[in-house]
Amino acid sequence: MALKIPFYPEGVAAGFPSAADDHLEQSLDLHELMVKHPEATFYVRVEGDSMEGAGMQTGDILVVDRSLQAHPNSIIVALLNGEFTVKRLTVKGKQHFLTAEHPAYPPIEISEEADFQIWGVVTYVIHRAR
Amino acid sequence: MSSIALVDCNNFFVSCERVFDPSLIGRPVVVLSSNDGCIIARSNEAKALGIPMGAPLFEWADLMERHKVHVCSSNFPLYGDLSHRVMRILTHFNPDIEIYSVDEAFLAMDGVADPQVIRDKVLQWTGIPVSIGVAPTKTLAKVATKKAKKRPNGVFTPTLDELSTILETLPVSDIWGIGRRLTRFLAKKGIFTAAQLRDQEDIWLKKNLSITGLRTAWELRGQPSLPFDEEPPAKQSIMTSRSFGRPLLAHEELAEALSAFATRGAEKLREEERLANWLQIFVITKEEGSAYAFTTLPEPTSYTPTLISYAKQALQTLYKPGLTYKKAGILLGDLVPETCYQRGLFMQNRDTAQERKAMDLLDHANEKFGYDILHFAAVGVTHGWKRKSELKSPSYTTNWNDLLTIRI
């Protein structure tokens, strides 16, 4: 097995450390912000307008975390009758619904016998501005 | 007493496809090898139809069409990525895991966790169902995992009594490390079950099966005898190596040794009726330790001249004059059954002149009639199956252009 040794092409500076080093922090890393459970995190693209109210537009990428517990009002990727969908999980008493974020789409009740499964919880919506 | 778990993904490649295409759940599904030539994974439903592992596609195309078996070309970027995720999750339970293959890992369990918890976490986090067997040794854990696959909750931690009972009827061929050749040998000696092997005298075992066979018997008795390596040998590979009686210095001597290893490795391949997809040589020198050179083979093969040729080429890239070579070896990997490919054309029984003649004919025919003619003959009537990974699913987790798109 090959041994990997880090190589610093610019060379490593020797000598007195800079005073700034004491306050050195890592550069901001988007991956570190958005991906808390890398093994359980997947990306999907969406098409359609039913979740516009939640900031989702066609072409957007969702960060989906399968390790999270879905709570009421979580936006989830779910399988309903074997088809993928993205909706907000809402609860009214004992009833559970898949609720859209667009006036034209009524909530879908998830019955006890329904072929329903939560695939993952949406944590971020990535929208490209340019 | 030690406790080792073997975590084994169920029908791994198929399970990977099902994560992003749940319509495949509950249906017969097969996954094809890199050239779409043969079947390298089957769902339980496909197994129930009688489709064997390593089956050439063209032989089973009719049956699969009749039963609407879903066919996928292999999607190794996807499988590799999901495999990494599963293995990393296992390290949450114990950082010292031994990754045995793309879909199997051993985990030391002492006080670590409930196997059910492990299974549930892997399933929720990745969508991959795994089976977990827990036992005092790796060999016994493999036995337990096989049973775990049949259980609805997917885990099995047998008691010593339960293990004993299982070994009474478990055929030797099902024991980890006992291949076809050994099975035949043991049968001749009247040993058919794991229990019978376990109960043989140590002296007999050492003499007839060598230290490996002895260790297997110890493992069956519940004594851990296979080291928990950080770098385990690859599953599906054949290693042939030797330490040299006197250290070698010259390139020619080393080339000769590697040729001998390649020849022996090729023989072992043919004994097992399998072909190798890649070859790796290693050398160990007194001055610089070990060095490796890896090469894929143009096509799966057990043809000795080919393996010798590639081994020698690999050696060219490693050899340094002035060093003392203490040991060398060849690892042949990614083994597939011979039945995947044209049988008989490259079998060692032919002599090299005849072999060359056969290859010349092949080349000329292809030249004259176009590539498709003889290639077509090997793959058989296509029934609309396309060749060369045309049925590959998107690389959902490794390519931004291939993300799963959901209509919302």
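A note on names: the letters A, B, ... follow the listed sequences, proteins ahead of strands, and every chain is numbered from 1.
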Y396(B)-Y43(A) aromatic ring centre distance below 6.0 Å
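No, they do not, as the ring centres are separated by 6.0 Å or more.
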Among A40(A), G48(A), A100(A), G82(A), residue most engaged with chain B (heavy-atom pairs, under 4.5 Å)
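Between A40(A), G48(A), A100(A), G82(A), the count favours A40(A).
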Pick from R66(A), H37(A), M51(A): which one has the most heavy-atom pairs with chain B under 4.5 Å?
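Most pairs with chain B among the choices: R66(A).
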Could you look at [X] and say if it's the side chain, the backbone, both or neither that has a heavy atom under 4.5 Å from chain A?
X: T405(B); result: both
X: F282(B); result: neither
X: L123(B); result: backbone
X: L82(B); result: side chain

Would you please test E47(A) and I406(B) for side-chain contact (heavy atoms from CB on, under 4.5 Å) and show each step?
CA-CA 6 Å; E47(A) 258 173 28; I406(B) 302 178; over 6 Å; no
Any donor-acceptor pair under 3.5 Å from R45(A) side chain to D402(B) backbone
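Looks like no, no N/O pair under 3.5 Å.
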Write down the atom of L68(A), the atom of Q124(B), and the distance for their closest heavy-atom approach.
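Where L68(A) meets Q124(B) most closely, the heavy atoms are O-NE2, 3.7 Å.
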Which atom pair, heavy atoms only, marks the closest approach of V19(B) to F84(A)?
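So the two residues come closest at O-CZ, 4.0 Å.
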Does H102(A), at its NE2 atom, have more than 12 non-hydrogen atoms belonging to other residues, nucleotides or ligands within less than 6.0 Å?
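Check passes, neighbour count above 12.
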Are there residues of residues 104-130 of chain A that reach to under 4.5 Å of chain B by heavy atoms, and which ones?
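Counting heavy atoms that sit under 4.5 Å from chain B, the residues of residues 104-130 of chain A involved are W119(A).
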Going by residue number, which parts of residues 54-62 of chain A are within reach of chain B, meaning a heavy-atom gap below 4.5 Å?
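Those residues of residues 54-62 of chain A which have a heavy atom under 4.5 Å from chain B are M56(A), I61(A).
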Taking it one step at a time, do H92(B) and E39(A) satisfy side chain to side chain donor-acceptor pair (under 3.5 Å)?
CA-CA 11 Å; H92(B) 296 177; E39(A) 301 88 353; 3.1 Å; yes
